[in-house]
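Let me begin by presenting the structure, written as structure tokens, before commenting on it.
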Amino acid sequence: MSRLRRPGGLAAVVAVLGGFVVYAVATLVFPYHTSNHDEAVYLQQAAMLLEGQLFLNPPVDGPFRPWFFVESGRGLYAKYTPVTAAMFAVGELLGGYRVALGLTAAGTLGALYHTVREAFDARTGVLAAVLMLASPLFLVEASVFLSYVPAMCWNLVFAASYLHADRTGSRRTATLAGAAVGVAFFARPFTAVLFGTPFICHALWSMRPWDLQERSVVGLKGLTAGLGLFGVAVTLAYNSVVTGDPLVFPYQVFAPMDGPGFGRRRILGYSLDFTPWLSLRANAEVLWLYATEWVIAGPLGTVAAALGVWTVRKRGFDTRQLALAGVALTVPLGNLYFWGNRNILGDLSNPNDGLVSFLGPYYHTDLLVPTVAFAAVGLLAAGEWVRAQLPERLPAERIRPALAGILLMCALVGGTATAAALAQPLAENYETTQQYDRAYGPFEEQQLDNSVVFLPRTYGDWLNHQFQALRNDPGFDGDTVYAMQRQQFAVIDAYPNRSYYRYAFRGQWAPFLGQSVDARLQRVEHVESRAVTTTVSASVPEGAEAVTIRLTNGTTNNSASNYTTVPVSESLALGLTTDANRTRLLGTDESVSVPTPDSGTVTLIAFVDFGADRAVKYRVALPVNRTATGVEALTPRLEVCWSERLCGGQAAYVPGTHRSDIELNATVEPRE
């Protein structure tokens, strides 16, 4: 117990506690991950590393491409370097990916303690670790599968080792410092440069030729620099393996205009003119949010950090403390050059818009290091000042009660502010999780052994964007295989002896806005024959005045003959016959048909008109494909559309979620 009372023991307790807290938050608040879809990239990459793979080779090109993966001649590779994914992979080996989050958080807090201890003292280091753990930005970022806290962990290992080697002359910690900064560069090159620049300046200053006290300093700094440059070489070698050019990073191949710099910036279909003025405006808002909402106790933590800077200035900065303080300059200044800080804000006029409202200003995560370090200095200085003032103002017997009262008041104020700062982002993220829980509900209810699930393309032709929890094994041979809803027949050919399902939902996919969707897993039958029959049954809601039927094959040259009307009754009983040449409508008096596409969709639309601009549309989309002996088809996709805006992807028929007088069903079977 005596060891636990020492600063090192207390710091260890804080680190271990932090690891458990982060693991709990990751499990309870983020079970389906966040609205930042990059998490799935790192987890997919981690699974690949566990299988010894740098590239994915899906059985069919197209429907299996994950979000932020780049196509190449050797397969698909991730936009990100593999350091963060490797850390998560270690967690999986130890019992689960989230174990890595807890271990990384504990390591980060421990490294922070040693860094601040080297710059100031052990007591300040312990308090800084506590302040870091209670900072919303750290707690949220450490609990999700993104690279910012893992990179900060390596940066802090570098800082602590560098400062220790500088003080003691230890070659072992100088070696560790070089290895850590090399790994940090491999993980996030730009971030490592911003964090490491003040320490590089310190190293150069310590080796100034006109005031060099000991020649061993050159050897120590050279050892650190050499290993750091080795990390740079490893990074360039990795680039050469995956992109074919050591100077071209994977993210540049994915989006050449996505990196740092001003001017026209672009990623996929989104672009903007990133000007210095726009950068200043965006970064000013990001830093304001950081200082008022995302540090320990919100603005109180920022005030404490400012007090700490003032205190150290009065005492006199030494060069080691200046190096730590320099991070507070290089991180914000460097981020002026990166357009990502504009993108996380969403609408600049709305501070509660964009990813920053859920995940904070994550590009400034390293700014927490000097913030909590100097906040700890400021709080301890304030405490010492109060203790020094009390004997001059109070009798001796009243000093202890007064100190107790002041501590209690400070604890109440600080605890309340900290709880409020933590509660808001956690509550907002948990609300998003509740919407995810509803959306993923069908997967919890259905046994999907030996199956293929087709997923909608809500955000384009990407897997895991947005369904991060639905990831494939690196060999695409898991018990459940997920594929985009395209090239479905090629996917079925690749997995001929499985059960097939289609995931569909009703409503607008916006869990980050607190909007829920109603979802279903529709069983899909695959039928191949000379001809195929599709049977459609639907109820007609009370009050309908007319029912119009339209048949289309998705081309632009459909003739007017594919429209017809049917008498209004309580139900519709329609059918389609599809062969290699035409698809014909059954159940009406008129002859309605369209050419069967080589590979595409035949869509049957029943438009139920209630008059007075009120109508409902039943949409039955039949995937078809010509074969050498006839045609093949899948169970149709079913939609009930009250709004044209959502029809065609977000209006799935989900039994039990519509008006009681609305029912829709369709089956497909071979025609003998």
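These values consider heavy atoms only, across backbone and side chains, with no hydrogens, waters or symmetry-generated copies. Model, not experiment: these values are computed from the prediction.
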Review point. Has the side chain of Ser170 got a donor or acceptor atom that lies under 3.5 Å from a matching backbone atom of Thr173?
Key: yes
Practice item. Measure across Trp154 and Ala180 and return the closest heavy-atom pair with its distance rounded to 0.1 Å. Key: O-CB, 3.7 Å
Check your understanding: Ion pair present between Arg188 and Asp366, side-chain N to carboxylate O less than 4.0 angstrom?
Key -> no
Review point. Can you name the closest pair of heavy atoms from Tyr162 and Ala177 and give their distance?
Key: N-CB, 3.6 Å
Check your understanding: Asp166 versus Leu220: any side-chain heavy-atom pair under 4.5 Å?
Key -> no
Check your understanding: Are the aromatic rings of Phe69 and Phe254 close, with centres under 6.0 Å apart?
Key -> no
Revision key, fill the gap. For Leu131 and Ile296 the tightest heavy-atom approach is O-CB, 3.7 Å
Review point. Does a side-chain heavy-atom distance below 4.5 Å link Val369 with Leu324?
Key: yes
Practice item. Could you pull out the closest heavy-atom pair between Pro250 and Tyr238, with the gap in Å? Key: CG-CE2, 4.1 Å
Study note, to complete from the structure: Heavy-atom nearest pair, Gly259 first then Tyr251, reads CA-CE1, 3.8 Å
Study note, to complete from the structure: From the list Val144, Asn36, Asn341, Leu146, side-chain contact (heavy atoms from CB on, under 4.5 Å) partner of Tyr362 resolves to Asn36
Exercise for review: Take the angle between the ring planes of Trp339 and Tyr270 and call it parallel below 30°, perpendicular above 60°, tilted in between.
Suggested key: parallel
Exercise for review: For the residue pair Tyr42 and Tyr80, categorise the inter-ring angle as parallel (less than 30°), tilted (30 to 60°) or perpendicular (more than 60°).
Suggested key: parallel
Review point. Do the side chain of Thr115 and the main chain of Ala160 share a donor and acceptor less than 3.5 angstrom apart?
Key: yes
Check your understanding: Can the ring centroids of Phe374 and Phe120 be said to lie less than 6.0 angstrom from one another?
Key -> yes
Check your understanding: Between Phe195 and Phe199, how do the two ring planes meet: parallel, tilted or perpendicular, split at 30° and 60°?
Key -> parallel
Study note, to complete from the structure: Residue set satisfying salt bridge (charged side-chain N to carboxylate O under 4.0 Å, His left out) with Glu118, at least two apart, ordered chain then number -> Arg167, Arg320
Practice item. To the nearest 0.5 angstrom, please state how far the CG atom of Asn283 sits from the OH atom of Tyr363. Key: 11.5 Å
Point to revise | Atom pair CZ (Phe68) and CH2 (Trp462), whose distance is rounded to the nearest 0.5 Å | key: 8.0 Å
Exercise for review: Anything under 30° is parallel, anything over 60° is perpendicular, the rest tilted; go ahead and classify Tyr459 against His465.
Suggested key: tilted
Study note, to complete from the structure: Closest non-hydrogen atoms of Val193 and Phe185, given as atom of the first, atom of the second and distance, are CG2-CE1, 4.1 Å
**Study point:** Main-chain N/O of Ala40 paired to Gln468 side chain as donor or acceptor, under 3.5 Å
**Key:** yes
Practice item. Check ring pair (Phe, Tyr, Trp, His ring centres under 6.0 Å) between His364 and all other residues, then give those that pass, not counting sequence neighbours. Key: none
Check your understanding: Looking at OG1 of Thr330 and CG of Asn335, how far apart are the two atoms once the value is rounded to the nearest 0.5 Å?
Key -> 9.5 Å
Review point. Take atom CZ in Phe317; do more than 12 heavy atoms of anything else shown fall under 6.0 Å from it?
Key: yes
Review point. Does any N or O in the side chain of Gln424 come within less than 3.5 Å of the main-chain N or O of Ala420, such that one atom is a donor and the other an acceptor?
Key: no
Revision key, fill the gap. In this structure, OH of Tyr482 is separated from CG of Leu463 (nearest 0.5 Å) by 10.5 Å
Review point. Got a donor-acceptor contact below 3.5 angstrom from the Thr104 side chain to the Pro150 backbone?
Key: no
Study note, to complete from the structure: Rounding to 0.5 Å, atoms NZ (Lys221) and NE2 (His202) come to a distance of 6.0 Å
Check your understanding: So how far is it from Leu56 CG to Phe476 CZ, rounded to the nearest 0.5 Å?
Key -> 4.5 Å
Check your understanding: Which one of Thr371, Thr302, Thr365 satisfies the side-chain hydrogen bond (donor to acceptor under 3.5 Å, both in side chains) criterion with Tyr290?
Key -> Thr371
